[in-house]
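First comes the structure, then the notes that go with it.
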Amino acid sequence: MNNVRTDLALEAREVWQESAEENTSLRGVWARELDEEGFHITRVKILNEEGEKNLGKPRGAYTTVELEGISRRDTNSFPRAISVVAKELSKLLPETDGCVLIVGLGNSDITPDAVGTCATEHIVVTRHLVEKMPELFGKLRAVSAVTPGVLGMTGVESGEIIRGVAEHIKPDYIIVIDALASMKLSRLCKTVQITDTGIVPGSGVGNARSAITRETMGFPVIAVGVPTVVDIATIIGNFADDSGIELPAETLSEYSERLLVTPKDIDVNIADIGRILGYAINSALQKGMSIAEMDEFLS
């Protein structure tokens with residue numbers, strides 16, 4: 001795993017399986033794969049310290065939905081993707097009816113890092129309506145959304161802003177959306193990972209900040225991430241391994257610090273996946289709300 005950089009538990013498991021002996025079991029990790037509405041889903045649970053060590057990820061549940069067909073605009077691919085992501089997200093959400101805070105992380109000026117900010121544009125925010133006009137909107141879930149920006153633009157850590165907002169509105173839980181890194185080009189902007197472990201902002205573009213977790217925020221944190229980049233060192237390292245070429249570790253490290261690869265049509269991909277995430281979160285939180293009704297709220 002020395003040449004591999006990935007934020008996906010699915011890929012960490014794949015790398016472990018490729019490097020392990022055939023008869024070696026992955027202890028401390030539970031996994032299941034299935035297909036639903038034409039999309040492949042992998043559920044991974046890291047159960048204990050041994051599982052954390054094996055996969056290099058915190059203990060918790062990780063669900064990955066691979067949205068093949070989205071870029072091709074397959075028939076009904078968008079509503080099907082929204083439905084599947086919403087269902088998988090709902091499985092990890094605490095069973096409460098209180099306020100929810102949605103956080104769109106990232107930098108809107110750097111397209112591969114704009115997943116979170118793009119997704120929040122499609123969130124149906126209702127907290128003000130529920131509080132001010134309960135006779136009309138009292139049946140809706142109270143939802144707030146914030147895009148804290150990045151340290152270089154605000155001078156304030158995203159975690160500090162989120163914690164301040166959360167302490168004021170006291171949400172039942174926080175949903176954080178951010179960009180991730182993958183080890184495979186084929187998964188960029190086509191894969192959604194949902195986890196109850198929280199997230200480290202900026203990990204997808206190699207600029208990790210303070211963690212946003214239950215421990216640091218004081219509230220449960222559900223993280224929704226989409227891989228938008230592949231570290232060039234991962235690509236070179238995998239190619240070298242497949243070709244039987246040995247490269248010095250310092251060579252790969254030098255590439256890793258300087259270069260990330262992203263799709264040439266990243267702007268279209270971010271717009272598509274951002275809409276899917278926003279609508280899927282709406283669907284998970286506002287039970288029974290149709291896509292047409294979401295369109296009306298957002299228009």
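For reference, positions follow the sequence shown, starting with 1.
Within the 3.5 Å criterion, the main-chain N or O of Ala223 finds no donor-acceptor partner in the side chain of Asp178. Formation of a donor-acceptor pair under 3.5 Å by the Thr42 side chain with backbone atoms of Thr64 is not found in this model. Side chain of Glu11 to main chain of Met183: a donor-acceptor pair is present (N/O by atom type, distance under 3.5 Å, no hydrogens or angles). In terms of modelled atom types and a separation under 3.5 Å, the side chain of Thr262 and the main chain of Thr228 share a donor-acceptor contact. Remark: side-chain polar atoms of Arg275 are not paired, donor with acceptor, to backbone N or O of His122 under 3.5 angstrom. The main-chain N or O of Arg59 is found under 3.5 Å from a side-chain atom of Glu52 such that the two form a donor-acceptor pair. In terms of modelled atom types and a separation under 3.5 Å, the side chain of Gln286 and the main chain of Val124 share no donor-acceptor contact. One N or O on the side chain of Arg80 and one on the backbone of Glu37 form a donor-acceptor pair closer than 3.5 Å. A donor-acceptor pair under 3.5 Å is absent between the side-chain atoms of Ser283 and the main chain of Tyr279, judged by distance alone. Judged purely by atom type and a 3.5 angstrom limit, Asn54 uses its side chain to pair as donor or acceptor with the backbone of Arg27.
For the pair Arg187 and Ser182, the tightest heavy-atom approach, listed with the atom from each and the gap, is CB-OG, 3.8 Å. Arg127 and Cys99 get closest at one heavy-atom pair: CD-SG, 3.9 Å. The two residues Ile270 and Ala114 come nearest to each other via the heavy atoms CG2-O, 4.0 Å. Residues Pro112 and Val229 come closest through the heavy atom pair CB-CG1, 3.9 Å. Pairing each heavy atom of Met153 with each of Asn107, the nearest pair is SD-OD1, 3.6 Å. Taking every heavy atom of both residues into account, Ala145 and Val125 meet most closely at CB-CG1, 3.6 Å.
Pairs engaging residues 176-195 under the ring-ring contact (aromatic ring centres under 6.0 Å, His included) rule: none recorded [sequence neighbours left out].
At least one side-chain heavy atom of Asp231 sits under 4.5 Å from a side-chain heavy atom of Leu260. Here the side chains of Arg43 and Trp30 are in contact, with some heavy-atom distance below 4.5 Å. Between Leu105 and Pro148 there is a side-chain heavy-atom pair separated by less than 4.5 Å.
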What verdict does the side chain to side chain contact (heavy atoms under 4.5 Å, CB included) test give for Phe219 and Asp172, after you've listed the backbone C-alpha separation in whole Å, the side-chain angles of each residue and the deciding distance to 0.1 Å?
CA-CA 7 Å; Phe219 302 90; Asp172 282 6; over 6 Å; no
Passes side chain to side chain contact (heavy atoms under 4.5 Å, CB included), Phe39 versus Val192? Steps please.
CA-CA 11 Å; Phe39 301 122; Val192 178; over 6 Å; no
What's the verdict on side chain to side chain contact (heavy atoms under 4.5 Å, CB included) for Val84 and His40, showing C-alpha distance, side-chain angles and the deciding distance?
CA-CA 10 Å; Val84 169; His40 191 68; over 6 Å; no
May I have the step-by-step check of side chain to side chain contact (heavy atoms under 4.5 Å, CB included) for Ser83 and Glu36, ending in yes or no?
CA-CA 10 Å; Ser83 174; Glu36 187 168 334; over 6 Å; no
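Screening Arg32, Glu66, Glu88, Glu33 against Ile41 for a side-chain contact (heavy atoms from CB on, under 4.5 Å) leaves a single residue, Glu88.
Environment of NZ in Lys91: crowded, with over 12 heavy atoms of neighbouring residues, nucleotides or ligands closer than 6.0 Å. In this structure, Arg214 places its CZ atom where only 12 or fewer heavy-atom neighbours from other residues, nucleotides or ligands lie under 6.0 Å away. In the displayed structure, Glu95 atom CD is contacted under 6.0 Å by at most 12 heavy atoms of other residues, nucleotides or ligands.
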